[in-house]
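Report on the following structure.
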There are 2 protein chains.
Amino acid sequence: MSRTRGRPVQGNELTRADIITAALELMHESGEVGLTMRALSARLGVSPMALYRHVEDKAGLIRALSDHVYAAVLQDVPHQANAALMIRTMLSRYHDAVCKHPQLTLAIFANPQAFAGVTAQLTERLAKCLQQIAANPLLWRDVLVDHVHGSALALVSSQGDQAHAQAMRLQYQQALELLLESIVRGTVSDPKTLEGRAP
Amino acid sequence: MSRTRGRPVQGNELTRADIITAALELMHESGEVGLTMRALSARLGVSPMALYRHVEDKAGLIRALSDHVYAAVLQDVPHQANAALMIRTMLSRYHDAVCKHPQLTLAIFANPQAFAGVTAQLTERLAKCLQQIAANPLLWRDVLVDHVHGSALALVSSQGDQAHAQAMRLQYQQALELLLESIVRGTVSDPKTLEGRAP
DNA sequence: ACCTGAACACCGTTCAAGT
DNA sequence: ACCTGAACACCGTTCAAGT
């Protein structure tokens, strides 16, 4: 009988990938609070200190998790295309990633050192796209990104209710369409220069 | 020379109010992570266990903090008035409270047991107001609430930068106006019944 | 190179005891 | 009634040691 989780083959070396998958499982089961170095090492059948060979820190672990989870968000987004379409795909992917691991959002913001570069890149590209279709691109960018983060928090607080989570995903998609409509329909009411909340 | 923080008079009894103010100070200085029962008790010049006379738990402490911080949000909001105005005041107050203690948002969502009733009441009243002016009230409610929560997270990640924080507050107000414009201007594109994410 | 064990400075919380 | 002290089961992380 082989083990279905933890290190795939007993006696093999511990892998960064093993750590990441085990950590995500652990976070699903017991939340951000449950993700501890000690519990993670126990699940992998290894001493706590073995983790520090593959990950710098607990913050480093969370950074690794977000890099892994958000990897696909910006991949192969064409550079010269319909701006609304690009916004839709980037935000849908980001929202999908966030919904699969809502607790990770909490962990990232609770651990400022764990902040991954993906969010920064995402907001930058979003702003560029919005400049083509919106009167107030930076305002709308924050509205859109905050909506993703806010729905992650809502997802965390409705822990485990799968039907509810599914309903919320649908609702997000509809709200996104509503917002995109409003953006393209909108006109400037106050054209003075606005600063974003970037890096 | 009297102490300027901690218990107001030495020898006096420890008060729930003392605990709350000291806890908020502590959270400002060292974040959600820094708010520990032991550090809090040390600041108050008292044994850790003395806190448990006035607060059930650490979750109970955070619940007390949010009750205190959000107390003014729904106070004296008239029941029959301009709907857009009511939305503006409720959200502005909620955003103000959240901005004064952004780390508290993180603490509340990280501690599900600490969830206070104010948010539930707020979303309910928001939905009622939105029914009067919006085609998709529940969708817009989530967009508005998520924007508040999302900007709290953004505020946490830009730790301590006061000028930046001020700019973000301004930006929030402008985004809120933009959203209210969009709401009143909007028409239904898909009139099928939508469910909210409320309890 | 990769992992272990013991140790340190922390947590939240229980429980018995002091005044 | 209100607070203290010692103790328990946890944390993340350092450091020396094993193979």
Side-chain angles (χ1 to χ4, degrees), chain A residues 3 6-20 22-23 26-27 29-66 103-104 106-115, chain B residues 3 6-20 22-23 26-27 29-66 103-104 106-115:
Chain A
R3 311 223 258 122
R7 275 190 286 175
V9 182
Q10 204 156 6
N12 255 19
E13 280 184 6
L14 186 63
T15 297
R16 205 158 192 270
D18 296 339
I19 294 177
I20 287 174
L26 195 57
M27 205 164 58
E29 294 166 15
S30 34
E32 188 227 335
V33 160
L35 178 57
T36 73
M37 301 299 268
R38 293 181 113 111
L40 180 55
S41 68
R43 168 184 285 254
L44 289 162
V46 108
S47 141
M49 297 324 296
L51 301 175
Y52 289 80
R53 250 347 100 164
H54 304 87
V55 134
E56 197 190 352
D57 218 285
K58 192 180 182 183
L61 170 65
I62 293 165
R63 224 180 302 124
L65 294 183
S66 45
Q103 305 268 5
L104 184 58
L106 221 47
I108 291 169
F109 281 99
N111 264 63
Q113 304 176 327
F115 221 98
Chain B
R3 309 220 262 120
R7 276 191 284 173
V9 183
Q10 204 158 5
N12 255 18
E13 279 184 4
L14 185 63
T15 297
R16 206 160 192 270
D18 296 338
I19 293 178
I20 287 173
L26 195 56
M27 204 164 58
E29 292 167 17
S30 34
E32 189 226 336
V33 160
L35 178 57
T36 74
M37 300 300 267
R38 292 181 114 111
L40 180 55
S41 68
R43 168 184 285 253
L44 289 162
V46 106
S47 141
M49 296 322 296
L51 301 176
Y52 288 81
R53 255 337 109 165
H54 303 87
V55 134
E56 197 190 350
D57 220 290
K58 191 178 182 185
L61 170 66
I62 293 165
R63 223 180 304 125
L65 294 183
S66 45
Q103 305 267 6
L104 184 57
L106 220 49
I108 290 169
F109 281 98
N111 264 62
Q113 305 178 327
F115 221 98

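Letters A, B, ... mirror the listed sequences (proteins, then strands); counts begin at 1.
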For this session: Please state whether the phosphate of D/dC2, meaning OP1 or OP2, lies under 4.0 angstrom from any side-chain nitrogen or oxygen of B/His54.
Result: no
Problem set entry | Set of side chain to side chain contact (heavy atoms under 4.5 Å, CB included) partners for A/Ala17, sequence neighbours left out | A/Thr15
Exercise. So what's the dot-bracket for DNA chain D: Watson-Crick or G-U pairs under 3.5 Å, [ ] if a pair crosses, | if it pairs off-strand?
Worked result: ||.|||||...|||||.||
For this session: Write down the atom of B/Val33, the atom of B/Thr36, and the distance for their closest heavy-atom approach.
Result: O-CG2, 3.6 Å
Seminar exercise, completed: Here the distance between atom P of C/dA1 and atom CD of A/Glu13, to the nearest Å, is 12 Å
Problem set entry | N-O pairing of B/Glu29 and B/Arg43 below 4.0 Å | yes
Exercise. What's the shortest heavy-atom distance between B/Gly34 and B/Ala39, and which atoms?
Worked result: O-CB, 4.0 Å
For this session: Can you sort out the partners of A/Tyr52 under side chain to side chain contact (heavy atoms under 4.5 Å, CB included), two or more places apart, ordered by chain and number?
Result: A/Met37, A/Met49
Exercise. With sequence neighbours excluded, what pairs up with B/Asn111 under the side chain to side chain contact (heavy atoms under 4.5 Å, CB included) test?
Worked result: B/Ala59, B/Ile62, B/Ala114
For this session: List the protein contact pattern of nucleotides 5-19 of chain C with one symbol per nucleotide (5' to 3'): B for base contact, S for sugar-phosphate-only contact, - for none; contact means a heavy-atom distance under 4.0 Å.
Result: B-B---BBBB-----
Problem set entry | Whole-Å distance separating the CG atom of B/Asp18 from the C1' atom of D/dC2 | 14 Å
For this session: Quick one: closest heavy-atom pair of A/Glu32 and B/Ala110, and the distance?
Result: OE1-CB, 3.8 Å
Seminar exercise, completed: Applying side chain to side chain contact (heavy atoms under 4.5 Å, CB included) to A/Ala42 and not counting sequence neighbours gives none
